[in-house]
Amino acid sequence: MNYKKVSLRIIIVSLLVFLFNSFINVINIPKVAKADVSIDNYILNENRGVPRFDYIIGNDNWPHYRVFYWVPINASHFTPYADKGVNTDVSEHGPAQKWSVVVTARVINDEKLVFIYVPKTFVFLFGKDFYKVIHLSYY
């Protein structure tokens, strides 16, 4: 009779663990809206620079990260943004929309090279693939 109680407890604990893990996975599934599809299509057409990002050491002896983009030569208004659900407001620099965009003197054919300064706090908190979630809209 004792083995029946132990078996029943093992089955109940296994089911509870399974249900808990299933519930966590459902919570973490991103919700995709119809608008996200058009954003994703636009992202696929980004013309990223090579290398995709780098860093320079500033006067403060800290790295300053830059993400590069080729944009049409007539573009003059730039707004950085991140993938939906990514928190970019992690430092005194504010959210991605307030990050600095610098236009370089480099021009090839009908495109110019620009870069976004990405705060090091965001890079450290997000991790090595930070540049994959940062994007640039322009007109």
Side-chain angles (χ1 to χ4, degrees):
M1 185 79 172
N2 196 14
Y3 67 90
K4 288 183 181 180
K5 287 183 182 179
V6 171
S7 298
L8 184 60
R9 286 183 182 162
I10 290 173
I11 291 172
I12 289 174
V13 168
S14 298
L15 284 173
L16 288 174
V17 168
F18 173 76
L19 290 174
F20 178 75
N21 284 336
S22 297
F23 180 71
I24 294 300
N25 289 336
V26 168
I27 290 174
N28 289 331
I29 294 173
K31 295 183 177 22
V32 177
K34 189 170 186 175
D36 293 337
V37 174
S38 63
I39 290 173
D40 288 343
N41 289 340
Y42 177 74
I43 291 171
L44 292 175
N45 294 328
E46 282 184 333
N47 192 0
R48 297 280 183 126
V50 176
R52 305 262 190 249
F53 72 95
D54 74 353
Y55 68 90
I56 57 173
I57 303 298
N59 293 334
D60 57 359
N61 294 320
W62 282 93
H64 297 269
Y65 293 86
R66 306 180 298 181
V67 178
F68 296 97
Y69 299 88
W70 288 100
V71 299
I73 200 165
N74 59 353
S76 59
H77 294 81
F78 307 100
T79 306
Y81 67 97
D83 288 346
K84 188 174 184 174
V86 175
N87 180 17
T88 58
D89 193 1
V90 295
S91 68
E92 69 276 0
H93 298 286
Q97 292 80 8
K98 294 184 178 181
W99 294 352
S100 297
V101 178
V102 177
V103 179
T104 69
R106 181 89 189 249
V107 175
I108 296 179
N109 297 328
D110 59 347
E111 294 183 318
K112 60 185 172 185
L113 185 65
V114 300
F115 62 84
I116 303 170
Y117 272 120
V118 179
K120 58 189 146 288
T121 307
F122 177 78
V123 175
F124 295 150
L125 291 174
F126 194 84
K128 65 180 177 129
D129 291 334
F130 74 94
Y131 67 94
K132 293 179 180 178
V133 300
I134 303 300
H135 308 285
L136 183 67
S137 65
Y138 52 85
Y139 62 94

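Along the sequence shown, the residues carry numbers beginning at 1. Just so you know, these numbers come straight off a predicted model, no measurement behind them.
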Anything under 3.5 Å between a donor and an acceptor, one on a side chain of residues 112-126, the other on a protein residue two or more places apart or in another chain? List them.
residue, atom, partner, partner atom, Å
K112, NZ, I73, O, 3.3
K112, NZ, A75, O, 2.6

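Between F53 and Y65, the ring planes are tilted. Angles from 30° to 60° get that label.
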(request) Could you walk me through whether Y69 and V101 pass side-chain contact (heavy atoms from CB on, under 4.5 Å), step by step? (result) CA-CA 10 Å; Y69 299 88; V101 178; over 6 Å; no

(message) I'd like to know whether H135 forms a side-chain contact (heavy atoms from CB on, under 4.5 Å) with D83, so could you lay out the CA-CA distance, the side-chain angles of the two residues, the decisive distance to 0.1 Å, and finally the verdict.
(response) CA-CA 8 Å; H135 308 285; D83 288 346; 2.6 Å; yes

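Among all heavy-atom pairs drawn from S137 and Y81, the shortest one is N-CE2, 3.6 Å. Residues A82 and T88 come closest through the heavy atom pair CB-CG2, 3.5 Å.
Residues passing the side-chain hydrogen bond (donor to acceptor under 3.5 Å, both in side chains) test with H93: none are found, sequence neighbours excluded.
Applying the 6.0 Å contact sphere to CG of N109 captures no more than 12 heavy atoms from other residues, nucleotides or ligands.
A distance of 9.0 Å separates CZ in R48 from CG in L136, rounded to the nearest 0.5 Å. Q97 contributes atom CD, which lies 9.0 Å from atom CG of D89 (distance to the nearest 0.5 angstrom). In this structure, NE2 on H64 lies 12.0 Å from CG on D54, to the nearest 0.5 angstrom.
Linking Ile, Leu, Val, Met, Phe, Trp and Tyr whenever their side-chain heavy atoms come within less than 4.5 Å puts Y55 and F130 in one cluster.
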